[in-house]
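Notes to accompany the following structure.
Position 1 is the first residue of the sequence; numbering continues from there.
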Amino acid sequence: MAASIAASAFFPTTSSSPSSLSKKNAIGEGPDSVDLRGIASRPNSSSRAMQVKAQAQSVPKINGTKVEEEAPSSGPRTFYNQLPDWSMLLAAITTIFLAAEKQWTLLDWKPKRPDMLADAFGFGKIVQDGLVFRQNFSIRSYEIGADQTASIETLMNHLQETALNHVRSAGLLGDGFGATPEMTKRNLIWVVSKIQVIVDHYPSWGDIVEVDTWVDASGKNGMRRDWHVRDFNTGQTILKATSVWVMMDKLTRKLKRIPEEVLAEIGPYFLGRNAIVDEDSKKLPKVRPKAEVEGGADKTAPSYVRKGLTPRWGDLDVNQHVNNVKYIGWILESAPISMLEKHELASITLDYKRECRRDSTLESITTVHSDSADGESAETSIQCEHLLQLDSGPAIVKARTMWRPKKAHIEEDIGITSAEGA
């Protein structure tokens, strides 16, 4: 197609009418004026003289007066009609080759970087005998924080996305947020009861993470979901996570037992494997009374309070309650800035007590425990206890976090010590 178009652009269809033949012969472009080399030859002087003489004798007269005829127009003089025949042929061949090269480039496209082929559209796939779902994510510029690494909320969103896509890829997604067809018939939804996350390191902008997720039974009335996140290029573990999910009636907002029909749907996908071997099974301690926290009775374990937290419309999911990832951001709202500057989150365990609705007003309380005197030293690990509660008192989420010193601050401290010793 490209060749025919290019050829027609440079070789217009010739006309067989006598007038066209006479015009060609008149301007010296007919077959008689081209030699074997394809170069136009000039007519000899005798033939030119004969043509002039013939034209002179054929001048018509009207009432004895000579009438001069207008010379036929040869058309506008452009660059192309001034080129010899071989130049137009070369241009046509060049156009054909350029079109063919473009088509071949599209068919034989290869990325400059191998990691560009890493699930470029983020659809994910089923692996390991259909029991594990795998999906890749690229860390975007708007997903990194002040440390130039992905935030814990970003990684938690990846976990939630793979969980939903796993249900969809398995063909079990009904008319609901991760609900199976049998759950949809009974107005049942999944709600998370507990999550534990252990972070080995945080990816940076442009890194590609590979997330594996699978499910298993949890006791008699729950489902367990685990995740294992790796660096796509190196295979190094980024984080491991486990969670427990229970069922809630979407209309009454009360917990329900898992029906046998739902177990028949999800049971074939159970995989008896744990991402975290040593799980945090310790019960979260009771949070001190609000008056005691505000009064600062315990000086060895200072507490920090952030009041007036309210859900925005964008914080709600399709089930009309606050997304569980949002709770993590609220919990960290009350963490001291001095600790966030020198430490990074190493692990977090969340125990969800009740759901948060659109019209709720919350308070975030963080209690810091550490062996150091100031409780926020850059050289020691820190354990914190968190409470997210309604302003009226009932607890929404209890949590425990472990914080480790940031590598940058450790290197700075070592550099300062070496300089002082020198």
Which heavy atom of [X] sits nearest a heavy atom of [Y], and at what distance?
| X | Y | result |
| --- | --- | --- |
| Leu387 | Ala395 | CD1-CB, 3.6 Å |
| Ser364 | Leu309 | CB-CD1, 3.8 Å |
| Trp214 | Leu131 | CB-O, 3.5 Å |
| Asp315 | Trp330 | OD2-CZ2, 4.2 Å |
| Trp227 | Ala163 | CZ2-CB, 4.2 Å |
| Ala241 | Ala275 | O-CB, 3.7 Å |

Distance, nearest 0.5 Å, that separates [atom1] of [X] from [atom2] of [Y]:
| X | Y | atom1 | atom2 | result |
| --- | --- | --- | --- | --- |
| Leu332 | Thr366 | CG | OG1 | 7.5 Å |
| Ser360 | Arg354 | OG | CZ | 10.5 Å |
| Asp212 | Lys240 | CG | NZ | 11.5 Å |
| Met156 | Leu239 | CE | CG | 8.5 Å |
| Leu172 | Met183 | CG | CE | 10.5 Å |
| Tyr269 | Ile266 | OH | CD1 | 11.0 Å |

Examine the side chains of [X] and [Y] and answer whether a donor and an acceptor come within less than 3.5 Å of each other.
| X | Y | answer |
| --- | --- | --- |
| Thr367 | Ser303 | yes |
| Thr162 | Gln135 | no |
| Ser243 | Arg224 | no |
| Thr237 | Asp200 | no |
| Ser334 | His386 | no |
| Asn323 | Gln160 | yes |

Carefully, step by step, assess Leu390 and Thr361 under the rule side-chain contact (heavy atoms from CB on, under 4.5 Å). CA-CA 6 Å; Leu390 298 174; Thr361 302; over 6 Å; no

Both conditions, 6.0 Å and 45 degrees, for the charged tip of Arg225 above the ring of Trp245: are they met here?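 Verdict for Trp245: no cation-pi partner in Arg225.
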
Crowding at CZ, Arg358 (>12 non-hydrogen neighbours, <6.0 Å):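 Count not over threshold, so no.
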
Report the C-alpha distance between Ile331 and Leu350 in whole Å, list the side-chain angles of each, state the deciding distance to 0.1 Å, and finish with yes or no for side-chain contact (heavy atoms from CB on, under 4.5 Å). CA-CA 10 Å; Ile331 286 174; Leu350 301 108; 3.6 Å; yes

Any donor-acceptor N/O pair, [X] side chain to [Y] backbone, under 3.5 Å:
| X | Y | value |
| --- | --- | --- |
| Asp231 | Ile238 | no |
| Thr213 | Asp226 | yes |
| Thr154 | Glu143 | yes |
| Trp403 | Ile382 | no |
| Tyr202 | Ile152 | no |
| Asn157 | Glu153 | yes |

For the pair Lys307 and Asp391, evaluate salt bridge (Lys or Arg N to Asp or Glu O under 4.0 Å) and give the outcome as yes or no after the intermediate values. CA-CA 8 Å; Lys307 300 180 180 180; Asp391 58 353; over 6 Å; no

Heavy-atom side-chain proximity of [X] to [Y] below 4.5 angstrom:
| X | Y | result |
| --- | --- | --- |
| Asp249 | Arg253 | no |
| Phe133 | Val167 | no |
| Leu362 | Thr310 | no |
| Gln389 | Ile365 | yes |
| Arg134 | Asn165 | no |
| Ile198 | Ile276 | yes |
| Asp216 | Arg273 | no |
| Gln383 | Arg400 | yes |

Salt bridge (charged side-chain N to carboxylate O under 4.0 Å, His left out) involving [X] - partner list, sequence neighbours excluded:
| X | value |
| --- | --- |
| Arg168 | none |
| Asp351 | Lys353 |
| Arg357 | Glu355 |
| Asp207 | none |

Under the side chain to side chain donor-acceptor pair (under 3.5 Å) criterion, do Thr242 and Gln196 qualify, and how do the steps go? CA-CA 5 Å; Thr242 185; Gln196 181 185 357; over 6 Å; no

Which pairs, with at least one residue in residues 185-195 and sequence neighbours excluded, count as a salt bridge (charged side-chain N to carboxylate O under 4.0 Å, His left out)?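 Qualifying pairs: Glu182-Lys185, Glu182-Arg186, Arg186-Glu261.
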
side-chain contact (heavy atoms from CB on, under 4.5 Å), that's the test. Do Phe270 and Met223 meet it? Break it down for me. CA-CA 9 Å; Phe270 286 169; Met223 184 186 72; 4.3 Å; yes

Assess whether a salt bridge exists between Glu363 and Arg306, defined as any Lys/Arg side-chain N lying under 4.0 Å from an Asp/Glu carboxylate O.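 Salt bridge between Glu363 and Arg306, a charged N being under 4.0 Å from a carboxylate O: no.
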
List the residues meeting ring pair (Phe, Tyr, Trp, His ring centres under 6.0 Å) with Tyr352, not counting sequence neighbours, and say none if there are none.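 By the ring pair (Phe, Tyr, Trp, His ring centres under 6.0 Å) rule, Tyr352 matches Tyr327.
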
Go through it in stages, so that I can follow the logic: the residues are His343 and Arg404, the test is side-chain contact (heavy atoms from CB on, under 4.5 Å), and I'd like the CA-CA distance, side-chain angles, deciding distance and then a yes or no. CA-CA 5 Å; His343 294 76; Arg404 58 174 170 251; 5.7 Å; no

